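Since the model is a prediction, treat every value here as computed from it, not as a measurement.
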Amino acid sequence: GKWEGVLTRMRKNGQRFLARAAMTPHFDAAGKHTGYLLISKDITNDIALAEELSLKTSELRTTNERLSALVDLNLHLGSELDLQRLLQSFGHAAREIVGARYAVTGIVNADGSRLQSLYADGMDAGTAARLGSPNPQSGVLRTVLREGQCVRVRNPGGDPAALGFAASRPPIHAWLGAPIASPTRIYGYIGLIDKVGLDEFSKEDERLAGILAAQVGRIYQNGSLYAEVLRHASELEQEMSARQRTEKALAERVREGLLAGEVGAALTRSYTLEGMLQLCAEALVRHLDATFARIWTFNDAENILELKASAGLYTHIDGPYSRVPMGELKIGRIARERAPHLTNDVLNDPCVGDKEWAKRENLIAFAGYPLVVEDRLVGVVGMFARQPLNPATVAALGSVAHEIALGVERSRANEALRQREEHIRLLLDSTAEAIYGIDLQGRCSFANAACARLLGYTDPSQLLTRNMHDLMHH
């Protein structure tokens with residue numbers, strides 16, 4: 001039968017070559033086997049072409065894998081807004097794609113005079129510590145950062161100083177650098193060190209590194225803009241927060257000023273203690289957002305607190321809380337201990353007796369202060385609110401509590417003086433003798449009814465401030 005195969009042949013000059021051969025048996029007319037027919041073809045070029053094609057296919061496969069990795073990396077990094085993670089991921093990916101032993105990524109400051117951050121990949125912490133801070137304005141970095149060009153060099157001696165790096169660095173036998181840049185600015189560089197398995201980086205490696213760095217440059221620009229926006233937003237938020245705090249503090253000071261003004265006016269203009277305290281309670285409700293406020297005065301003789309004013313939700317001053325014995329209920333305990341009681345959790349406060357009432361009225365906070373003047377208890381002021389009381393509100397209540405205490409003491413002193421004057425007047429008017437008093441200028445300061453009648457006047461007030469010598473010796 002027919003046979004086909006590859007044989008080694010030799011030419012006249014002794015050169016051997018491969019040939020594809022086919023051998024077919026030959027027969028004569030009678031069918032007798034007489035020999036063979038051989039056909040040969042030199043396939044040396046075919047084999048070389050096939051090997052070259054296989055190599056090209058392998059290179060194409062490698063290139064496709066690199067391009068695929070490049071696309072995947074671009075998709076991954078495109079969504080990364082954290083600049084540090086971006087640069088770390090980029091350094092690792094570039095080293096893997098290009099096939100470098102180490103990768104160093106550096107970012108320069110705004111004017112490019114110095115490196116502000118450096119990230120290493122593929123080396124341990126001890127090796128990374130030997131990198132130092134290279135000068136971006138010398139050696140290969142100058143070309144990359146100043147001219148924005150990729151640099152690919154072979155350094156057979158491995159001396160890093162030959163490339164412009166510190167001599168303390170690990171040896172560098174091959175170096176490939178690419179600028180990390182956007183269309184408007186160069187942010188830094190990627191430096192790939194020592195090609196794995198080869199003495200130097202290829203032109204294709206340089207092209208890939210340039211593409212990678214350009215992609216990251218645009219992403220880094222977007223991340224920088226995003227970080228800048230976040231920084232401005234944070235500053236604006238802080239500024240607005242500070243302004244709001246200032247406005248709030250100003251509003252609280254205005255509120256405290258209005259409260260103090262109204263309380264001060266009430267303490268000086270009202271003719272009765274009850275009227276004075278009622279105006280003060282109404283001011284507390286109006287300016288401290290109280291649901292209701294009440295003021296008790298202390299009856300020392302009976303050792304009891306008497307309700308004198310109530311404003312807001314409740315305005316009556318009779319009922320079960322009109323007279324509170326010392327030490328009973330929260331008001332009596334404030335008086336006994338002579339210490340304020342404050343809470344923003346009324347429903348869980350053991351000093352609040354009627355929890356159902358507090359829940360029904362939606363009361364949340366309570367503040368009560370004793371009214372004390374020079375260690376003398378004169379009363380208690382208290383208020384409930386449907387919102388938590390902040391420190392400024394509590395401080396404002398404490399401040400006016402002292403003023404109210406002084407007002408109560410002054411009102412009582414005025415009442416005592418009035419009563420003494422009335423008592424003296426009754427004593428003077430009850431005698432038949434004419435009695436009067438004069439100041440150093442001889443003007444009448446007081447006179448009784450008998451004196452007025454003696455001098456022909458109907459009322460003693462007609463003599464007040466008159467010069468008595470002139471009046472009686474004219």
Side-chain angles (χ1 to χ4, degrees), residues 248 250-299 305-324 329-332 334-335 340-344 346 352 354 357-358 360-373 377-415:
K248 184 178 180 181
L250 180 60
E252 289 174 349
R253 286 197 294 270
V254 170
R255 182 183 65 173
E256 292 172 12
L258 291 174
L259 174 62
E262 286 197 26
V263 169
L267 296 176
T268 56
R269 295 177 185 173
S270 183
Y271 295 104
T272 67
L273 176 62
E274 289 78 6
M276 174 185 78
L277 296 180
Q278 182 62 32
L279 291 175
C280 290
E282 291 172 357
L284 292 175
V285 171
R286 185 162 46 252
H287 294 294
L288 299 185
D289 295 328
T291 304
F292 70 95
R294 284 179 165 178
I295 302 174
W296 290 258
T297 59
F298 180 55
N299 184 331
L305 292 155
E306 298 174 332
L307 182 59
K308 297 295 184 181
S310 183
L313 182 63
Y314 302 112
T315 58
H316 60 275
I317 57 174
D318 56 358
Y321 299 101
S322 61
R323 290 171 61 83
V324 179
L329 306 177
K330 60 183 177 298
I331 298 301
I334 291 172
H341 180 75
L342 312 168
T343 179
N344 279 324
V346 164
V352 178
D354 194 346
W357 163 78
R360 185 171 62 253
E361 296 296 344
N362 195 28
L363 299 176
I364 293 176
F366 170 80
Y369 274 86
L371 304 179
V372 178
V373 178
L377 179 71
V378 299
V380 173
V381 58
M383 56 175 271
F384 280 93
R386 287 173 173 152
Q387 71 285 330
L389 300 176
N390 60 37
T393 299
V394 172
L397 178 61
S399 177
V400 297
H402 179 66
E403 298 300 321
I404 292 172
L406 292 175
V408 171
E409 182 78 350
R410 187 164 52 248
S411 177
R412 285 178 169 178
N414 290 338
E415 179 61 21

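- With respect to I295, the side-chain contact (heavy atoms from CB on, under 4.5 Å) criterion is satisfied by exactly one of L307, L305, I404, L273: I404.
- Every residue meeting the side chain to side chain contact (heavy atoms under 4.5 Å, CB included) condition with A290, not counting sequence neighbours, appears here in chain and number order: V285, M383.
- A 4.5 Å side-chain heavy-atom check between L259 and L284 finds at least one atom pair inside the cut-off.
- Applying the side chain to side chain contact (heavy atoms under 4.5 Å, CB included) rule to T291 yields the partners L313, L363, R386; only residues at least two apart in sequence or on another chain are considered.
- Checked against side-chain hydrogen bond (donor to acceptor under 3.5 Å, both in side chains), Q278 has the following partners two or more places apart in sequence or in another chain: E282.
- In terms of modelled atom types and a separation under 3.5 Å, the side chain of N344 and the main chain of L389 share a donor-acceptor contact.
- Scanning both residues, L342 and G368, for their nearest heavy atoms gives CD2-N, 4.3 Å.
- Residues P340 and P370 approach most closely at N-CD, 3.8 Å, considering heavy atoms.
- Of all heavy-atom pairs spanning G407 and L267, the tightest one is CA-CD2, 3.9 Å.
- Annotation: side-chain hydrogen bond (donor to acceptor under 3.5 Å, both in side chains) contacts of S310 (sequence neighbours excluded): R294.
- The CG atom of D354 sits 6.5 Å away from the CZ atom of R360 when rounded to the nearest 0.5 Å.
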task = Might you work through the side-chain contact (heavy atoms from CB on, under 4.5 Å) test for V346 and I364, ending with a clear yes or no?
result = CA-CA 5 Å; V346 164; I364 293 176; 5.7 Å; no
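- Evaluation of the salt bridge (charged side-chain N to carboxylate O under 4.0 Å, His left out) rule for E262 yields R286 as partners, not counting sequence neighbours.
- Listed by first then second residue, pairs satisfying ring pair (Phe, Tyr, Trp, His ring centres under 6.0 Å) with a partner in residues 377-410 read F292-F384, W357-F384, F366-F384, not counting sequence neighbours.
- Partners of A401 according to the side chain to side chain contact (heavy atoms under 4.5 Å, CB included) rule, which considers only residues two or more places apart in sequence or in another chain, are Y369, L371, V381.
- Between C280 and A266 the shortest heavy-atom distance is SG-CB, 4.0 Å.
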List, one per line, each side-chain donor-acceptor pair under 3.5 Å for residues 317-324, sequence neighbours excluded.
from: S322; atom 1: OG; to: G319; atom 2: O; distance (Å): 2.8
from: R323; atom 1: NH1; to: E306; atom 2: OE2; distance (Å): 3.1
from: R323; atom 1: NH2; to: E302; atom 2: OE1; distance (Å): 2.4

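- By the side-chain hydrogen bond (donor to acceptor under 3.5 Å, both in side chains) test, N390 is found to be paired with T393, residues two or more places apart in sequence or in another chain being considered.
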